[in-house]
There are 6 protein chains.
Amino acid sequence: MAFFDWPQDRLISYLPEREEQPDFDDFWQATLDEAASHPLNATFTPWSGGLDTVDVFDVEFSGFHGQRVKAWLLLPRHRSGKLPGLVQYIGYGGGRGIPYERLAYSAAGYAHLVMDNRGQGGGGKTTADTHDREVSGTAPASPGYLTRGIDDPANHYYRRLITDAVRAVDALAAHPDVDSTRIGVVGGSQGGGLALAVGGLREDLRAVVADVPFLCHYRRASQVTDAGPYWEVARYLAGNRFEVENVIRTLSYFDGVNFASRATAPGWLSVGLMDKICPPSTVYAAFNHYAADKDLAVFPYNGHEGGGDYGLPRKLAALESSLR
Amino acid sequence: MAFFDWPQDRLISYLPEREEQPDFDDFWQATLDEAASHPLNATFTPWSGGLDTVDVFDVEFSGFHGQRVKAWLLLPRHRSGKLPGLVQYIGYGGGRGIPYERLAYSAAGYAHLVMDNRGQGGGGKTTADTHDREVSGTAPASPGYLTRGIDDPANHYYRRLITDAVRAVDALAAHPDVDSTRIGVVGGSQGGGLALAVGGLREDLRAVVADVPFLCHYRRASQVTDAGPYWEVARYLAGNRFEVENVIRTLSYFDGVNFASRATAPGWLSVGLMDKICPPSTVYAAFNHYAADKDLAVFPYNGHEGGGDYGLPRKLAALESSLR
Amino acid sequence: MAFFDWPQDRLISYLPEREEQPDFDDFWQATLDEAASHPLNATFTPWSGGLDTVDVFDVEFSGFHGQRVKAWLLLPRHRSGKLPGLVQYIGYGGGRGIPYERLAYSAAGYAHLVMDNRGQGGGGKTTADTHDREVSGTAPASPGYLTRGIDDPANHYYRRLITDAVRAVDALAAHPDVDSTRIGVVGGSQGGGLALAVGGLREDLRAVVADVPFLCHYRRASQVTDAGPYWEVARYLAGNRFEVENVIRTLSYFDGVNFASRATAPGWLSVGLMDKICPPSTVYAAFNHYAADKDLAVFPYNGHEGGGDYGLPRKLAALESSLR
Amino acid sequence: MAFFDWPQDRLISYLPEREEQPDFDDFWQATLDEAASHPLNATFTPWSGGLDTVDVFDVEFSGFHGQRVKAWLLLPRHRSGKLPGLVQYIGYGGGRGIPYERLAYSAAGYAHLVMDNRGQGGGGKTTADTHDREVSGTAPASPGYLTRGIDDPANHYYRRLITDAVRAVDALAAHPDVDSTRIGVVGGSQGGGLALAVGGLREDLRAVVADVPFLCHYRRASQVTDAGPYWEVARYLAGNRFEVENVIRTLSYFDGVNFASRATAPGWLSVGLMDKICPPSTVYAAFNHYAADKDLAVFPYNGHEGGGDYGLPRKLAALESSLR
Amino acid sequence: MAFFDWPQDRLISYLPEREEQPDFDDFWQATLDEAASHPLNATFTPWSGGLDTVDVFDVEFSGFHGQRVKAWLLLPRHRSGKLPGLVQYIGYGGGRGIPYERLAYSAAGYAHLVMDNRGQGGGGKTTADTHDREVSGTAPASPGYLTRGIDDPANHYYRRLITDAVRAVDALAAHPDVDSTRIGVVGGSQGGGLALAVGGLREDLRAVVADVPFLCHYRRASQVTDAGPYWEVARYLAGNRFEVENVIRTLSYFDGVNFASRATAPGWLSVGLMDKICPPSTVYAAFNHYAADKDLAVFPYNGHEGGGDYGLPRKLAALESSLR
Amino acid sequence: MAFFDWPQDRLISYLPEREEQPDFDDFWQATLDEAASHPLNATFTPWSGGLDTVDVFDVEFSGFHGQRVKAWLLLPRHRSGKLPGLVQYIGYGGGRGIPYERLAYSAAGYAHLVMDNRGQGGGGKTTADTHDREVSGTAPASPGYLTRGIDDPANHYYRRLITDAVRAVDALAAHPDVDSTRIGVVGGSQGGGLALAVGGLREDLRAVVADVPFLCHYRRASQVTDAGPYWEVARYLAGNRFEVENVIRTLSYFDGVNFASRATAPGWLSVGLMDKICPPSTVYAAFNHYAADKDLAVFPYNGHEGGGDYGLPRKLAALESSLR
């Protein structure tokens with residue numbers, strides 16, 4: 001894709017003013033309180049898929065508005081003592097899929113919970129099993145998830161998904177073999193955006209890993225790329241020409257830049273300088289606002305694949321330092 | 001696009017066996033009865049957009065489950081006596097838009113109701129103003145509308161939209177200047193599919209105009225084209241490999257081929273032989289099963305635009321013969 | 001398309017030096033004088049297309065070199081007194097089409113003349129019925145119309161089309177129900193470019209509406225985009241490498257920037273900041289040089305569709321203020 | 001492009017019924033008679049381009065309606081006696097270009113005339129220098145040349161270009177160093193179509209070489225491919241929906257299938273089985289109707305490039321056998 | 001991609017005549033004998049990547065001509081007794097990559113060897129670490145690997161890679177924890193083609209799993225698709241027009257159809273009916289010629305991803321039945 | 001392609017710091033010394049292709065490591081005295097092809113040697129006949145030639161090809177009809193890059209013509225374009241994320257910017273400002289570092305075709321001034 005965003009020297013110092021409403025914290029406090037008013041009721045049902053070295057559980061817990069959310073939990077079969085835990089969030093359009101795809105973290109000794117994406121997972125990649133129930137009906141939206149409920153923060157899809165993501169940490173902590181004081185969140189793309197969000201909304205995490213994070217700096221994102229889901233915002237605004245500022249305002253409640261500024265756990269982010277899905281300037285905006293210890297892995301010739309599995313040794317080392 | 005489907009001589013005689021469940025009629029009877037149990041409550045609010053020759057009303061009525069649906073009603077300002085009426089349905093991804101776009105039918109002397117598409121209209125074309133409220137939450141679906149609730153006919157999006165479409169005829173008939181014995185339904189693409197559906201579900205219509213209709217013969221459609229919304233089914237099934245027959249079964253409740261076989265009003269259909277969005281074999285399947293008087297306009301060098309406005313004289317003549 | 005041109009703050013103040021030959025005014029004076037030497041001979045033949053609220057006339061008048069040009073005239077059927085008038089010009093590759101497509105202006109109370117595009121209209125969109133007769137034969141040209149006769153301003157296609165456009169105002173004024181002192185010109189894309197040209201060549205107009213105008217600032221246009229008809233210039237110059245300055249010189253006689261600098265009527269322009277067909281910098285160049293009262297509607301997330309029908313209320317209000 | 005047309009065994013025996021009007025021969029007789037009524041007036045002006053082994057002349061002669069047509073003539077500098085001659089026609093969108101590009105035939109000992117394409121040559125490839133003057137004005141046409149004047153055979157562009165091509169043979173024969181009894185015509189794509197046409201209109205040729213010929217079997221061509229200039233017909237008919245048969249009728253006067261059926265000189269044709277520009281079934285249709293001795297070079301894995309320069313040894317051998 | 005190949009009923013019975021040279025078996029016997037003349041010298045060096053449940057070894061062994069080939073070996077850390085073994089081959093353009101990506105087979109209890117692809121792995125996906133040393137120098141070839149040495153079976157790239165693949169089974173068997181009587185081969189795409197090849201060249205295997213196999217039925221493959229590596233053959237033959245039969249002859253020595261006809265172990269194959277990379281007719285050709293017990297998983301709406309990880313339960317069950 | 005690189009005023013003064021290792025000259029001295037240790041053994045075998053005005057020879061000579069390299073030599077048949085000579089290098093992916101394609105230089109009076117490209121020529125354009133034999137085996141590489149051996153300058157493909165190119169001058173000089181004191185090198189794209197390289201490595205040349213040269217300023221090239229062969233570097237580095245600096249270091253030994261800084265013969269370069277294959281900033285970098293007399297032809301509206309044959313008169317005049 002070549003370099004389509006700013007040159008790297010400009011990216012390094014890019015610290016845009018945050019767009020944030022005064023009731024940002026109140027909005028989230030109220031949302032999470034409502035969710036917490038429902039019993040978590042995390043259930044762990046053994047799943048049999050022919051694997052010998054790992055115990056897999058089909059998980060369900062109560063997320064946004066108490067709606068039931070699915071997940072997988074993978075534990076190394078030969079374990080002793082309480083394990084440190086990782087909650088992983090999944091990319092846009094996918095879901096928790098099938099456990100074979102994500103065996104590395106449990107093989108590395110973690111209790112590994114893979115949260116499903118409500119309503120996503122019908123696009124031909126990994127599948128999902130969780131229904132999405134909206135607060136009110138669906139306002140007209142661009143195909144995809146990013147503009148669902150974009151007329152109002154209370155109705156927006158990511159209010160529900162981020163709340164699920166916050167509660168997923170509780171679900172992992174609810175398993176008896178997990179040490180709830182040593183939990184981190186990880187994810188790439190949308191999963192990275194969710195990790196940043198949870199990192200800004202919970203103070204009990206020990207690590208935040210956000211690879212090529214999505215859900216950051218929507219105003220610029222929707223103007224600088226015509227690829228991937230940010231484009232859904234542009235497409236929506238092409239039809240709804242007079243709602244630009246209201247839409248940007250809604251999205252500000254779900255902006256990783258704002259979550260990053262509230263971070264308390266150490267953060268490991270990554271960016272691909274040729275990433276048209278999550279353009280580098282949007283990642284740098286979040287990174288430069290990240291309020292805790294932080295590190296950024298820069299992949300100059302990569303697009304949205306970022307470091308791929310080749311970035312894993314560095315991530316495992318970082319997690320080791322924080323969680324063991 | 002060249003000819004990518006079968007040659008025309010094969011199309012002309014293409015009469016595939018219908019795929020239809022035994023409870024097809026019961027399903028629709030129950031669905032429409034439920035809708036009818038809610039008061040229609042059609043309201044007509046004058047809209048002021050600077051037009052001198054036409055009266056425009058912002059309409060609301062109760063559709064599926066009694067949910068409120070929006071529409072426009074356009075009446076020629078200088079009118080006398082009760083007018084024949086037309087209900088128009090809109091294409092995929094759009095909505096009722098803004099009245100300037102659709103002035104021809106009222107200019108030709110009809111009471112013209114343009115029904116909104118619930119939840120659609122965020123894709124940069126015409127906009128919509130109607131919320132979609134699902135029966136249960138959203139099951140995982142491919143972006144778009146065609147796979148929403150594809151796990152079960154009771155949940156499927158088109159159960160709701162087709163019910164709205166049936167009720168829209170009642171809404172038009174509710175206006176005091178409309179002659180409820182002379183109503184036809186018209187539409188292109190998704191609008192054509194809805195016209196076919198309403199034509200199969202109501203016995204009181206006088207005309208069905210379905211240009212390049214969508215929502216027909218899903219099994220073949222999902223295999224013969226990789227363009228447009230039929231492809232959403234293929235994309236969904238790429239991820240959900242073991243649900244093929246269940247998905248085709250769900251879709252059979254919303255298949256224009258099955259509705260066409262129940263038609264009682266005269267039907268005018270059209271087809272573009274280079275149409276990759278609604279491939280000609282799927283249109284011929286519906287046309288050849290159409291059970292009432294019928295006519296097909298064939299545009300050999302056209303794609304999904306079909307006859308465009310150039311097909312209007314023929315349509316107006318047909319409507320004239322039936323409705324005046 | 002994302003933002004591919006300059007950022008908006010640079011656009012707002014972009015006022016490039018005009019490229020204009022000293023004989024620009026003489027060239028046009030002579031051209032229009034020649035056209036005026038032929039009798040206008042505007043004829044209005046009733047057209048019957050099944051419309052009840054509007055009178056439609058098939059129009060012919062003498063344009064460039066006295067060649068006959070086609071148009072439609074639409075008048076509200078129920079009218080009294082002389083009507084204000086609008087001449088509309090059509091986009092690149094299309095023609096006057098069929099009257100059903102353009103019913104809004106007459107519905108709003110205007111006498112509405114839609115001028116045909118000579119020689120265009122064979123590209124699958126709206127059709128045309130007017131022949132183009134060149135002064136001398138066709139010099140080699142890039143497919144399309146923009147490079148026809150690009151070797152010499154006297155031979156250039158737009159010399160003929162702009163002259164037709166100037167004469168179309170006379171044709172509208174020639175109808176007995178039209179108030180020739182209250183005429184405006186409107187159009188989008190090529191139609192907007194023609195409106196700007198006529199606005200610079202006539203002093204008797206009351207309004208100029210130019211949506212996403214084409215035919216502006218050719219030097220930059222041919223370098224900043226590889227989409228749409230500006231690219232025909234680049235393609236021509238790719239083959240004719242040593243004619244760059246001569247080509248730019250020819251085009252300067254037909255540049256909306258130069259016409260805008262001669263404007264006397266109030267102008268309403270619009271621009272889509274993601275418009276690759278008519279890039280924003282070329283529109284701002286014309287707008288910033290516009291010499292009369294002016295207003296610019298900016299659509300940040302739109303491409304060449306600009307405001308579409310959603311921009312119409314604002315246009316109707318502007319026209320109302322000037323023409324009623 | 002893979003095999004997109006019929007399998008080769010079907011191609012080999014493909015002999016579609018010719019579509020030809022009864023006055024085909026009269027039409028051409030009258031056209032050529034009119035051209036012959038103008039003095040040929042072939043002029044040969046030396047061109048100096050730094051070449052030592054070849055004499056190049058800038059040629060002009062009277063073609064259709066006596067309009068002046070340009071060409072290059074290349075003769076080997078060291079020559080003795082009268083030379084056999086070749087007239088070469090150029091592909092769609094190009095022109096005679098610059099002599100450096102086509103040195104092979106004169107190097108092989110032929111007097112080689114390269115005819116220019118009137119009005120073409122502005123598309124960024126080879127350039128042209130010949131104006132095109134139409135009989136009447138340009139009717140609306142699809143961008144390109146194939147639909148210019150498609151409303152009437154008398155106005156059609158190829159009536160003019162084919163007439164030029166017929167007269168170019170006379171122009172070559174007019175040079176004192178050329179043996180007018182030993183002349184062949186050659187060309188690829190549009191040039192091949194012109195060679196077939198001239199081969200059907202003149203009885204004094206000794207060889208016809210038509211590589212991957214264009215201008216053949218328009219009905220199928222316009223339906224089987226969406227690439228290249230045949231698509232201009234489809235695009236025209238997309239807009240002009242009700243003119244299909246009239247357009248096919250016009251084109252029948254310029255169809256290589258009809259010219260091939262009148263061939264008297266031996267013909268060497270070639271076809272690429274993956275050619276989307278000139279699909280194999282259209283070439284086989286012409287070849288199978290070719291009425292004289294003939295040979296077809298089949299390139300199974302080639303597209304429109306066909307044999308390229310690698311086909312030249314076989315062509316030179318064929319020409320040698322006929323012309324020396 | 002829609003269905004671009006034959007309909008499924010034709011595919012099911014498609015049994016093309018095999019193209020095979022008389023010395024096919026001699027060619028391979030000599031090739032493998034030469035390789036066997038070099039000591040295997042399999043080395044297993046522990047690799048430390050932070051994994052707790054699996055022992056990973058960096059493997060090297062002697063493949064074609066004794067050249068050193070890399071691989072990974074993964075063993076479940078908690079093991080007892082000799083394990084059944086699987087050799088996995090990797091897709092086109094990739095290499096053995098990094099062990100995190102392929103943890104499922106060892107987690108299921110197998111000794112799992114992942115063979116590297118010599119010379120591949122520079123294309124941005126998984127990486128490789130093995131050099132490719134050609135017998136003689138590289139003949140001109142299309143970019144990619146499929147045409148390297150296509151002038152002669154002795155020089156062809158796949159002679160070397162298939163020999164490596166045969167030897168990789170010996171390398172796995174050489175590990176003391178592996179039961180050499182219970183070994184299977186698995187792979188997808190190129191990996192599936194290699195599995196078929198090894199299955200035809202070794203008689204001591206217990207299972208062959210070939211997902212969406214590449215390297216089958218080259219003649220049809222190169223004609224039916226313009227995607228993926230088969231297209232390299234077509235591209236090569238576009239330039240080397242007169243070598244078609246020689247190229248097909250070379251490739252016949254490496255054709256999965258011929259290997260399948262020699263199969264002795266049970267085979268599990270899979271096919272995506274919308275797979276343009278490895279078209280269904282080429283997979284059916286191999287499957288229908290497969291000479292031992294066999295099963296085919298058909299994914300009608302999938303392309304080259306085939307069953308993905310969702311096909312794994314069925315594969316694990318099949319392997320379980322054969323290897324445990 | 002529009003202007004995608006910097007504006008021209010920035011290009012004109014773009015003089016990036018060279019990236020060059022201290023042993024650059026030693027590396028090349030050793031490489032060329034090794035090649036020179038093999039006897040050149042240039043052979044000239046007459047080739048018979050039906051041409052009368054030119055003598056063509058099939059040439060072979062010893063290039064890198066003494067490996068045999070093919071070429072064509074074209075001499076005007078009617079010649080007297082020793083001729084000035086030109087060595088031409090060919091573009092990426094092609095080879096020496098067939099002599100008909102390149103007749104201009106011999107027609108202009110030069111002894112013209114066309115060097116083959118080892119291992120290239122299988123991509124469907126011009127073909128090659130020269131094998132490439134690597135020093136050690138092929139390290140994993142991106143498809144194409146630019147990354148072959150990119151792990152080490154000693155293994156890199158262009159070490160071999162540039163050495164061939166240096167030796168090709170000796171091969172031309174070895175023909176008895178050539179004046180070895182009047183030799184120039186010419187080429188476009190890769191051929192231009194080779195001409196620059198040879199111009200930096202030999203002091204006995206009289207002219208260097210490099211059209212739109214490739215092989216320049218790799219760091220920027222791999223970041224600014226995603227078209228053409230520079231992208232192979234980016235693709236390689238996408239997979240091999242941690243080798244960026246080592247790869248740039250390897251390429252520095254083959255960078256036209258470094259060769260240009262050592263130029264001694266007058267240089268004629270050209271650049272297309274819309275060239276995405278060889279972006280203008282990379283050409284200006286080489287031109288601005290060119291150490292001898294120089295001239296740059298700028299084609300503002302051209303892409304990689306640059307001046308094409310239309311640039312030839314200027315080139316012939318330049319060569320005339322230097323070589324005659």
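In what follows, every heavy atom counts, from backbone to side chain, and hydrogens, waters and symmetry copies are set aside. Since we're looking at a predicted model, the values are computed, not measured. Protein chains get the first letters and strands the later ones, always in sequence-line order, with residue 1 at the start of each.
Put simply, of Asn117(E), Ile150(E), Asn240(E), the one with the most heavy-atom pairs under 4.5 Å next to chain F is Asn240(E). The residue among Ala128(E), Gly93(E), Gly97(E) with the most heavy atom pairs within less than 4.5 Å of chain F is Ala128(E). Your options are Pro140(F), Ala139(F), Pro143(F), Gly123(F), and the one with the most heavy-atom pairs under 4.5 Å with chain E is Pro140(F). Highest contact tally toward chain E, considering only Ser142(F), Gly94(F), Ala238(F), is held by Ser142(F) [criterion: heavy-atom pairs under 4.5 Å].
Between Glu232(F) and Tyr145(F), the side chains place no donor N or O within less than 3.5 Å of an acceptor N or O (distance only, hydrogens not considered).
Of the two parts of Asn155(F), neither the backbone nor the side chain holds a non-hydrogen atom closer than 4.5 Å to a non-hydrogen atom of chain E. Only the backbone of Asp129(F) comes within less than 4.5 Å of a heavy atom in chain E; its side chain stays farther off. Contacts between Arg241(F) and chain E at a heavy-atom distance below 4.5 Å are absent for every atom of the residue. Using a 4.5 Å cut-off between heavy atoms, Thr130(F) touches chain E through its backbone atoms (N, CA, C, O) alone. Only the side chain of Glu134(E) has a heavy atom closer than 4.5 Å to any heavy atom of chain F. Residue Thr147(E) does not touch chain F at all, counting heavy-atom pairs closer than 4.5 Å.
Two rings, from Phe254(F) and His156(F), have their centers less than 6.0 Å apart.
Screening Arg68(F), Lys70(F), Arg160(F) for a salt bridge (Lys or Arg N to Asp or Glu O under 4.0 Å) with Asp132(F), the sole residue that qualifies is Arg160(F).
Between Phe57(F) and Phe44(F), the ring planes are perpendicular. Angles over 60° get that label, and only those under 30° would be called parallel. Classified by interplanar angle (parallel below 30°, tilted 30° to 60°, perpendicular above 60°), the ring pair Tyr92(E)/Tyr158(E) is parallel.
Ion pairing between Glu101(F) and Arg96(F) fails under the 4.0 Å rule for side-chain N and carboxylate O.
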- Message: Determine whether His131(F) and Gln67(F) satisfy the following criterion, side-chain hydrogen bond (donor to acceptor under 3.5 Å, both in side chains), listing intermediate values before the conclusion.
- Response: CA-CA 8 Å; His131(F) 282 51; Gln67(F) 298 166 13; over 6 Å; no

